[in-house]
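Some notes on the structure that comes next.
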Amino acid sequence: MRVIPIPCLKDNYAYLVVCDDTQMAGVVDPAEAGVVLRAVDIEGVTLRAVFNTHHHPDHVGGVPELVKAIPNLEVYGHRVDKNRIDGFTRGVEMGDVLSLGNLKIEVIHNPGHTTGGVTYLVEGCAFTGDTLFGGGCGRLFEGTPETLFHSLTKVLGRLPDTTQVFFGHEYTEQNLKFAAQLEPDNEWIHQRLKQVEDTRKRGGITTPSTLALEWATNPFMRCGNLEFIHRVQARDPTVEGRPEEVFTAIRKWKDRF
Ligand code: ZN
Ligand code: FE
(Lines give C-alpha, C1' and ligand atoms only; values in the text may rest on other atoms or scores of the structure.)
(Ligands and ions follow the chains in the order given, each with its own letter.)
Protein backbone atom coordinates (compact mmCIF):
# COMPACT_ATOMS: atom_id res chain seq x y z
CA MET A 1 0.00 0.00 0.00
CA ARG A 2 1.06 3.59 -0.49
CA VAL A 3 -0.47 6.78 0.87
CA ILE A 4 -0.17 10.15 -0.85
CA PRO A 5 -1.16 13.19 1.23
CA ILE A 6 -2.91 15.86 -0.85
CA PRO A 7 -3.03 19.33 0.71
CA CYS A 8 -6.44 20.95 0.09
CA LEU A 9 -7.97 24.35 0.81
CA LYS A 10 -6.08 26.28 3.50
CA ASP A 11 -4.88 23.50 5.79
CA ASN A 12 -6.87 20.33 5.01
CA TYR A 13 -5.46 16.98 3.92
CA ALA A 14 -7.04 14.51 1.55
CA TYR A 15 -5.19 11.19 1.21
CA LEU A 16 -4.89 8.97 -1.80
CA VAL A 17 -4.66 5.34 -0.65
CA VAL A 18 -3.34 2.94 -3.28
CA CYS A 19 -3.29 -0.85 -3.41
CA ASP A 20 0.13 -1.60 -4.92
CA ASP A 21 -0.99 -5.00 -6.27
CA THR A 22 -3.90 -3.68 -8.32
CA GLN A 23 -3.23 0.09 -8.60
CA MET A 24 -6.74 0.69 -7.34
CA ALA A 25 -7.13 3.79 -5.21
CA GLY A 26 -9.45 5.40 -2.73
CA VAL A 27 -9.41 8.95 -1.50
CA VAL A 28 -10.01 10.02 2.08
CA ASP A 29 -11.75 13.39 2.60
CA PRO A 30 -11.55 15.02 -0.83
CA ALA A 31 -12.15 18.64 0.10
CA GLU A 32 -11.48 19.56 -3.54
CA ALA A 33 -11.75 17.47 -6.69
CA GLY A 34 -9.11 19.07 -8.94
CA VAL A 35 -6.08 18.27 -6.84
CA VAL A 36 -7.33 14.72 -6.26
CA LEU A 37 -7.86 14.06 -9.98
CA ARG A 38 -4.37 15.42 -10.66
CA ALA A 39 -2.86 13.05 -8.07
CA VAL A 40 -4.81 10.13 -9.56
CA ASP A 41 -3.34 11.03 -12.96
CA ILE A 42 0.23 11.42 -11.73
CA GLU A 43 0.09 8.13 -9.83
CA GLY A 44 -1.52 6.33 -12.75
CA VAL A 45 -4.14 4.67 -10.54
CA THR A 46 -7.84 3.87 -10.86
CA LEU A 47 -9.99 5.75 -8.39
CA ARG A 48 -12.67 3.43 -7.01
CA ALA A 49 -13.86 4.92 -3.76
CA VAL A 50 -14.21 7.95 -1.52
CA PHE A 51 -13.85 7.44 2.21
CA ASN A 52 -15.45 10.30 4.14
CA THR A 53 -14.48 10.64 7.80
CA HIS A 54 -17.42 13.03 8.46
CA HIS A 55 -19.86 15.34 6.74
CA HIS A 56 -18.17 18.75 7.13
CA PRO A 57 -17.83 20.74 3.86
CA ASP A 58 -14.07 21.16 4.27
CA HIS A 59 -13.80 17.33 3.97
CA VAL A 60 -16.51 16.36 1.46
CA GLY A 61 -16.52 19.46 -0.79
CA GLY A 62 -14.95 17.68 -3.77
CA VAL A 63 -17.25 14.64 -3.77
CA PRO A 64 -19.95 15.83 -6.23
CA GLU A 65 -17.35 16.76 -8.84
CA LEU A 66 -15.51 13.44 -8.40
CA VAL A 67 -18.78 11.53 -8.78
CA LYS A 68 -19.40 13.39 -12.05
CA ALA A 69 -15.88 12.75 -13.32
CA ILE A 70 -15.64 9.06 -12.43
CA PRO A 71 -18.37 6.50 -13.17
CA ASN A 72 -19.34 4.00 -10.46
CA LEU A 73 -17.40 5.73 -7.73
CA GLU A 74 -18.38 4.31 -4.33
CA VAL A 75 -18.83 7.05 -1.71
CA TYR A 76 -18.63 5.84 1.87
CA GLY A 77 -19.59 7.63 5.06
CA HIS A 78 -21.17 6.73 8.37
CA ARG A 79 -24.81 5.73 7.81
CA VAL A 80 -26.05 8.67 9.95
CA ASP A 81 -24.48 11.03 7.38
CA LYS A 82 -26.51 9.57 4.49
CA ASN A 83 -28.35 12.84 3.89
CA ARG A 84 -25.48 15.12 4.83
CA ILE A 85 -22.95 14.06 2.18
CA ASP A 86 -23.74 14.94 -1.44
CA GLY A 87 -22.96 11.86 -3.58
CA PHE A 88 -23.19 9.37 -0.69
CA THR A 89 -23.65 5.78 -1.92
CA ARG A 90 -22.88 3.46 0.99
CA GLY A 91 -23.33 3.72 4.75
CA VAL A 92 -20.78 2.16 7.08
CA GLU A 93 -20.64 1.50 10.80
CA MET A 94 -18.31 0.27 13.53
CA GLY A 95 -16.56 -2.96 12.60
CA ASP A 96 -17.38 -2.94 8.88
CA VAL A 97 -14.58 -4.15 6.64
CA LEU A 98 -14.39 -2.65 3.14
CA SER A 99 -12.12 -3.68 0.32
CA LEU A 100 -10.05 -1.73 -2.15
CA GLY A 101 -8.12 -3.99 -4.53
CA ASN A 102 -6.39 -6.38 -2.14
CA LEU A 103 -6.56 -3.97 0.81
CA LYS A 104 -8.91 -4.44 3.73
CA ILE A 105 -10.22 -1.26 5.32
CA GLU A 106 -11.66 -1.38 8.79
CA VAL A 107 -14.26 1.12 9.96
CA ILE A 108 -13.98 2.58 13.45
CA HIS A 109 -16.83 4.77 14.70
CA ASN A 110 -15.55 7.67 16.79
CA PRO A 111 -18.27 10.22 17.52
CA GLY A 112 -17.60 13.48 19.39
CA HIS A 113 -16.55 16.03 16.77
CA THR A 114 -19.66 14.89 14.84
CA THR A 115 -22.08 12.02 15.46
CA GLY A 116 -21.01 10.20 12.30
CA GLY A 117 -17.25 10.54 12.74
CA VAL A 118 -15.31 7.52 11.50
CA THR A 119 -11.68 6.51 11.25
CA TYR A 120 -10.62 4.22 8.41
CA LEU A 121 -7.87 1.77 9.34
CA VAL A 122 -5.74 0.27 6.57
CA GLU A 123 -2.61 -1.80 7.24
CA GLY A 124 -1.70 0.06 10.43
CA CYS A 125 -2.58 3.48 9.01
CA ALA A 126 -5.47 5.32 10.66
CA PHE A 127 -7.24 8.14 8.81
CA THR A 128 -8.76 10.09 11.66
CA GLY A 129 -10.31 13.17 10.01
CA ASP A 130 -11.08 15.79 12.67
CA THR A 131 -11.23 13.36 15.60
CA LEU A 132 -7.51 13.06 16.37
CA PHE A 133 -5.01 15.66 15.14
CA GLY A 134 -1.27 15.91 15.55
CA GLY A 135 -1.06 17.18 19.14
CA GLY A 136 -4.79 17.89 19.39
CA CYS A 137 -8.37 16.90 18.64
CA GLY A 138 -11.45 18.28 16.92
CA ARG A 139 -13.93 20.66 18.46
CA LEU A 140 -17.14 19.44 20.03
CA PHE A 141 -19.74 20.20 17.39
CA GLU A 142 -22.14 17.29 17.93
CA GLY A 143 -21.03 15.51 21.05
CA THR A 144 -20.18 15.76 24.72
CA PRO A 145 -16.61 15.92 25.98
CA GLU A 146 -17.12 12.42 27.42
CA THR A 147 -18.02 11.03 24.00
CA LEU A 148 -14.97 12.48 22.28
CA PHE A 149 -12.69 11.52 25.16
CA HIS A 150 -13.94 7.94 24.92
CA SER A 151 -13.48 7.90 21.14
CA LEU A 152 -9.91 9.15 21.46
CA THR A 153 -8.56 7.17 24.38
CA LYS A 154 -10.72 4.04 24.51
CA VAL A 155 -11.59 3.44 20.86
CA LEU A 156 -8.62 4.83 18.89
CA GLY A 157 -6.49 4.30 21.98
CA ARG A 158 -6.95 0.54 21.67
CA LEU A 159 -4.95 0.49 18.44
CA PRO A 160 -1.24 -0.45 18.64
CA ASP A 161 1.24 2.32 19.54
CA THR A 162 2.87 1.90 16.14
CA THR A 163 -0.33 2.90 14.32
CA GLN A 164 0.34 5.75 11.91
CA VAL A 165 -2.06 8.66 12.34
CA PHE A 166 -3.07 10.54 9.18
CA PHE A 167 -5.09 13.53 10.38
CA GLY A 168 -7.44 15.96 8.62
CA HIS A 169 -5.76 19.32 9.21
CA GLU A 170 -2.29 20.82 9.50
CA TYR A 171 -2.79 22.16 13.03
CA THR A 172 0.14 20.41 14.67
CA GLU A 173 2.37 23.41 15.41
CA GLN A 174 -0.40 25.45 17.03
CA ASN A 175 -1.61 22.37 18.95
CA LEU A 176 1.85 21.70 20.35
CA LYS A 177 2.25 25.31 21.48
CA PHE A 178 -0.87 24.80 23.59
CA ALA A 179 0.49 21.44 24.83
CA ALA A 180 3.82 23.04 25.80
CA GLN A 181 2.00 25.72 27.77
CA LEU A 182 0.06 23.05 29.71
CA GLU A 183 3.11 20.87 30.37
CA PRO A 184 6.20 23.09 30.37
CA ASP A 185 8.45 20.26 31.57
CA ASN A 186 7.37 17.55 29.09
CA GLU A 187 10.52 16.99 27.02
CA TRP A 188 8.66 15.02 24.34
CA ILE A 189 6.48 18.00 23.60
CA HIS A 190 9.45 20.36 23.30
CA GLN A 191 11.31 17.99 21.01
CA ARG A 192 8.28 17.46 18.82
CA LEU A 193 7.46 21.17 18.69
CA LYS A 194 10.99 21.97 17.61
CA GLN A 195 10.87 19.32 14.87
CA VAL A 196 7.48 20.51 13.68
CA GLU A 197 8.61 24.15 13.56
CA ASP A 198 11.62 23.13 11.45
CA THR A 199 9.42 21.08 9.13
CA ARG A 200 6.93 23.90 8.68
CA LYS A 201 9.69 26.46 8.03
CA ARG A 202 10.87 24.25 5.18
CA GLY A 203 7.29 24.08 3.87
CA GLY A 204 6.94 20.43 4.89
CA ILE A 205 3.93 18.63 6.31
CA THR A 206 3.60 16.99 9.73
CA THR A 207 1.27 14.12 8.82
CA PRO A 208 1.44 11.24 9.69
CA SER A 209 2.33 10.89 13.34
CA THR A 210 2.10 7.75 15.45
CA LEU A 211 -0.22 6.82 18.27
CA ALA A 212 2.82 6.49 20.57
CA LEU A 213 3.77 10.10 19.85
CA GLU A 214 0.20 11.24 20.50
CA TRP A 215 0.10 9.43 23.86
CA ALA A 216 3.33 11.22 24.81
CA THR A 217 2.56 14.74 23.56
CA ASN A 218 -1.14 15.24 22.84
CA PRO A 219 -2.87 16.77 25.91
CA PHE A 220 -6.23 15.31 24.89
CA MET A 221 -4.74 11.80 25.06
CA ARG A 222 -3.01 12.53 28.38
CA CYS A 223 -5.99 13.30 30.64
CA GLY A 224 -5.63 9.97 32.46
CA ASN A 225 -2.00 10.72 33.39
CA LEU A 226 -1.57 11.75 37.05
CA GLU A 227 1.19 14.27 36.42
CA PHE A 228 -0.91 15.82 33.70
CA ILE A 229 -3.97 16.00 35.97
CA HIS A 230 -1.90 17.78 38.63
CA ARG A 231 -0.66 20.28 36.04
CA VAL A 232 -4.23 21.10 35.05
CA GLN A 233 -5.35 21.39 38.67
CA ALA A 234 -2.44 23.70 39.45
CA ARG A 235 -3.82 26.00 36.78
CA ASP A 236 -7.44 25.67 37.94
CA PRO A 237 -7.98 24.02 41.34
CA THR A 238 -11.74 23.70 40.72
CA VAL A 239 -11.17 21.03 38.04
CA GLU A 240 -11.99 17.59 39.46
CA GLY A 241 -9.44 14.83 39.03
CA ARG A 242 -11.53 12.53 36.81
CA PRO A 243 -9.97 12.25 33.34
CA GLU A 244 -13.28 13.29 31.71
CA GLU A 245 -13.37 16.49 33.80
CA VAL A 246 -9.79 17.27 32.91
CA PHE A 247 -10.57 16.70 29.24
CA THR A 248 -13.62 18.99 29.44
CA ALA A 249 -11.52 21.75 31.01
CA ILE A 250 -8.67 21.64 28.51
CA ARG A 251 -11.03 21.40 25.52
CA LYS A 252 -12.56 24.72 26.71
CA TRP A 253 -9.12 26.28 27.22
CA LYS A 254 -8.00 25.19 23.78
CA ASP A 255 -11.10 26.77 22.18
CA ARG A 256 -9.87 30.13 23.51
CA PHE A 257 -6.14 29.54 22.93
ZN1 ZN B 1 -14.82 18.76 10.82
FE1 FE C 1 -12.27 19.92 9.26
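Whatever order the structure lists them in is the order used to number ligands and atoms, beginning at 1.
For the pair Asn12 and Glu32, the minimum side-chain heavy-atom distance is 4.5 Å or more.
Protein N/O/S atoms closer than 2.8 Å to the Zn ion (ligand 1), listed by chain and residue number, are His54 NE2, His56 ND1, His113 NE2, Asp130 OD2.
When the shell of 6.0 Å around CZ of Arg84 is examined, it contains more than 12 heavy atoms from other residues, nucleotides or ligands.
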Report the C-alpha separation of Glu170 and Thr207 in whole Å, then their side-chain angles, then the decisive distance to 0.1 Å, and conclude whether the side chain to side chain donor-acceptor pair (under 3.5 Å) test is met. CA-CA 8 Å; Glu170 183 59 65; Thr207 182; over 6 Å; no
How far apart are the C-alpha atoms of Glu142 and Thr114, what are their side-chain angles, what is the distance that settles it, and do they pass the side chain to side chain donor-acceptor pair (under 3.5 Å) test? CA-CA 5 Å; Glu142 300 171 8; Thr114 65; 4.5 Å; no
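Interatomic distance, Arg90 CZ to Phe88 CZ, rounded to the nearest 0.5 Å: 10.0 Å.
Here 4 is the count of protein N, O or S atoms positioned under 2.8 Å from the Fe ion (ligand 2), waters not counted.
The pair Glu244-Arg242 meets the salt-bridge criterion, with a side-chain N (NZ, NE, NH1 or NH2) lying under 4.0 Å from an Asp/Glu carboxylate O. Salt bridge absent: Asp198 and Arg202 never bring a charged side-chain N and a carboxylate O closer than 4.0 Å. We find that Glu227 and Arg231 are not joined by a salt bridge, their nearest charged nitrogen and carboxylate oxygen being 4.0 Å or further apart.
Smallest separation of non-hydrogen atoms from Leu182 and Phe228: CD1-CZ, 3.9 Å.
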